[in-house]
Amino acid sequence: MLHIWMKKAGLTVMLMIAVCFCVNTKVKAADKVYYNSYGVAVNGACAMGIDVSSNNGTVDWAAVKASGVEFAILRCGFGMNLQLQDDKQWEANVAGCESVGMPYGVYLYSYADSVSRARSEADHVLRLITGHKLSYPVYYDMEDPSVIRNTTPAQRGKIAKAFCDRIRAAGYQVAIYADKNTFTNELTAKEFQNLGKWVAHYNPVCGYAGTYQMWQATNQGRVNGITGNVDINYLISSQIFVKPVITVSSPAKKKVKITWKPKKAGTTCEILYSKKKTGKYRLLQKNGKKGSALIKGLKSGKKYYFKVRMRKTENGATVYTKYSKVKAIKVK
């Protein structure tokens, strides 16, 4: 039995996790870093949560939140828009999350093998979430083996589009859930390219090669407030897949102009410099609004090396992109 240690609000909390890895969370200001049992940071993780259904029984949400869980994804139902296919714990779970201030999203297990069934499944979700304020997306669980066997990749793309279009039209975020192999081999139509992905891969690291927004790392977690095992998930920042591209110029004496792409709302660019390519880089400036910065007061005739990375706060955690390639310039 391994443990999750989290430091939060001055308190140290322990979660018991019966899996091959654990998480050690260190908090510095808004930063949260999660480590597996090998001492390696979970790349891009900015929150740790659970997902639950009626299979998890009655949940003590106050105990779950006190244990350090930061979000929950609730199953609202399965299949088409029939009350008998509502999740039996949906009402209790959504009420419990809202009562303790637990951020949550929802998922629906799909049996849709046609566009018309997918639209009915979307209506099923909308009937249940109307009047509730979701902090996380609606996830469409597309892993049922019978559906995979009886549909083509092109058909599955149309099914996903029909569901997602209906959810978006109602004003909610939407994404797809499946395991790593299903995403890699079965959900390959063009419609999936621009959809957010919640990937299940029970492994010390997520082996999915594409971009994903959440990783379901195990179904063997243990959390206070839940009897038995529970799925453990990490919210993965989209920032980790970005590598900025920069250009540098020296437009005037003792000045260097740096521009970068992409420039995105809510991000700040950290500009670092060194006097040697392999030397120690120092933070020079933070500027995220203009997409460019003018650095003044440099030494004329001196060569400087620059690199940048973007930073963004997501769900209370500060996350970073990869560093850009280093660019050198001799200052006028």
Side-chain angles (χ1 to χ4, degrees), residues 43-47 49 51 71 73 76 103 105-110 112-126 129 134-144 147-148 151-201 206-216 233-245 260-267 291 310-315 319-322:
N43 194 18
C46 54
D51 64 270
F71 67 90
I73 309 298
C76 60
V106 305
Y107 77 95
L108 180 129
Y109 189 94
S110 173
D113 57 5
S114 69
V115 165
S116 62
R117 287 175 178 267
R119 289 174 179 153
S120 179
E121 291 186 340
D123 290 340
H124 189 177
V125 174
L126 295 174
I129 66 176
L134 278 62
S135 300
Y136 285 74
V138 172
Y139 290 98
Y140 197 32
D141 186 339
M142 298 186 69
E143 61 177 332
D144 188 72
V147 174
I148 299 297
T151 57
T152 65
Q155 287 173 323
R156 293 191 283 273
K158 292 178 181 178
I159 287 167
K161 184 177 186 302
F163 179 91
C164 293
D165 284 352
R166 216 169 184 89
I167 297 297
R168 281 199 204 94
Y172 296 94
Q173 298 180 68
V174 65
I176 305 296
Y177 169 91
D179 62 82
K180 169 185 170 286
N181 290 334
T182 299
F183 271 125
T184 302
N185 301 313
E186 308 294 349
L187 304 183
T188 55
K190 62 182 180 180
E191 287 85 355
F192 294 100
Q193 293 176 5
N194 296 319
L195 289 172
K197 296 176 178 66
W198 173 14
V199 180
H201 187 208
C206 184
Y208 179 63
T211 299
Y212 53 98
Q213 63 181 219
M214 194 182 300
W215 170 35
Q216 187 181 83
N233 301 277
Y234 297 99
L235 182 66
I236 304 297
S237 169
S238 60
Q239 295 292 92
I240 69 167
F241 301 102
V242 175
K243 187 173 185 178
V245 175
W260 57 86
K261 294 181 179 180
K263 180 183 71 171
K264 293 185 178 181
T267 62
M310 312 304 293
R311 67 197 300 270
K312 185 178 182 181
T313 299
E314 297 181 356
N315 293 280
V319 291
Y320 300 88
T321 67
K322 299 175 182 178

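The structure presented is a predicted model; accordingly, all values stated were derived computationally and were not measured.
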Quick one, Val125 with Tyr140, criterion side-chain contact (heavy atoms from CB on, under 4.5 Å). Give me CA distance, side-chain angles, the key distance, then yes/no. CA-CA 10 Å; Val125 174; Tyr140 197 32; over 6 Å; no
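- For the pair Ala189 and Ala154, the tightest heavy-atom approach, listed with the atom from each and the gap, is CB-CA, 4.5 Å.
- Proximity of a side-chain donor or acceptor of Arg156 to a complementary backbone N or O of Thr151 within less than 3.5 Å is detected.
- With no hydrogens or angles considered, no side-chain donor-acceptor pair links Tyr136 and Gln213 at under 3.5 Å.
- Counting heavy atoms from C-beta outward, Tyr107 and Trp198 have side chains that approach closer than 4.5 Å.
- Closest approach of Asn233 and Asp51 over heavy atoms only: ND2-OD1, 2.8 Å.
- Across every non-hydrogen atom of Ala170 and Leu126, the tightest pair is CB-CD2, 3.6 Å.
- Residue Gln155 holds its CD atom at 7.5 Å from NZ of Lys158, rounded to the nearest 0.5 Å.
- Between Arg168 atom CZ and Lys161 atom NZ the span is 8.5 Å, to the nearest 0.5 Å.
- Atom CD1 of residue Ile167 and atom CG of residue Leu108 lie 8.5 Å apart, to the nearest 0.5 angstrom.
- Inter-residue side-chain proximity for Glu191 and Cys164 is flagged as unmet; no heavy-atom pair is nearer than 4.5 Å.
- The nearest pair of heavy atoms linking Leu195 to Ala160 is CD1-CB, 4.4 Å.
- Here the straight-line distance linking atom CE of Met142 with atom CZ of Phe163 works out to 9.5 Å at 0.5 Å rounding.
- Scanning all heavy atoms of the two residues, the minimum distance from Ser135 to Gln173 falls at O-NE2, 4.5 Å.
- Smallest separation of non-hydrogen atoms from Ala118 and Ala112: N-CB, 3.6 Å.
- With a 4.5 Å cut-off on side-chain heavy atoms, Lys197 and Thr211 do not count as touching.
- Checked against Phe183 for a ring pair (Phe, Tyr, Trp, His ring centres under 6.0 Å), the options Tyr212, Tyr208, Phe192 give a single hit: Tyr208.
- Atoms CD1 and CE, from Ile73 and Met214 in turn, are 4.0 Å apart once rounded to the nearest 0.5 Å.
- Trp260 contributes atom CH2, which lies 6.5 Å from atom CE of Met310 (distance to the nearest 0.5 angstrom).
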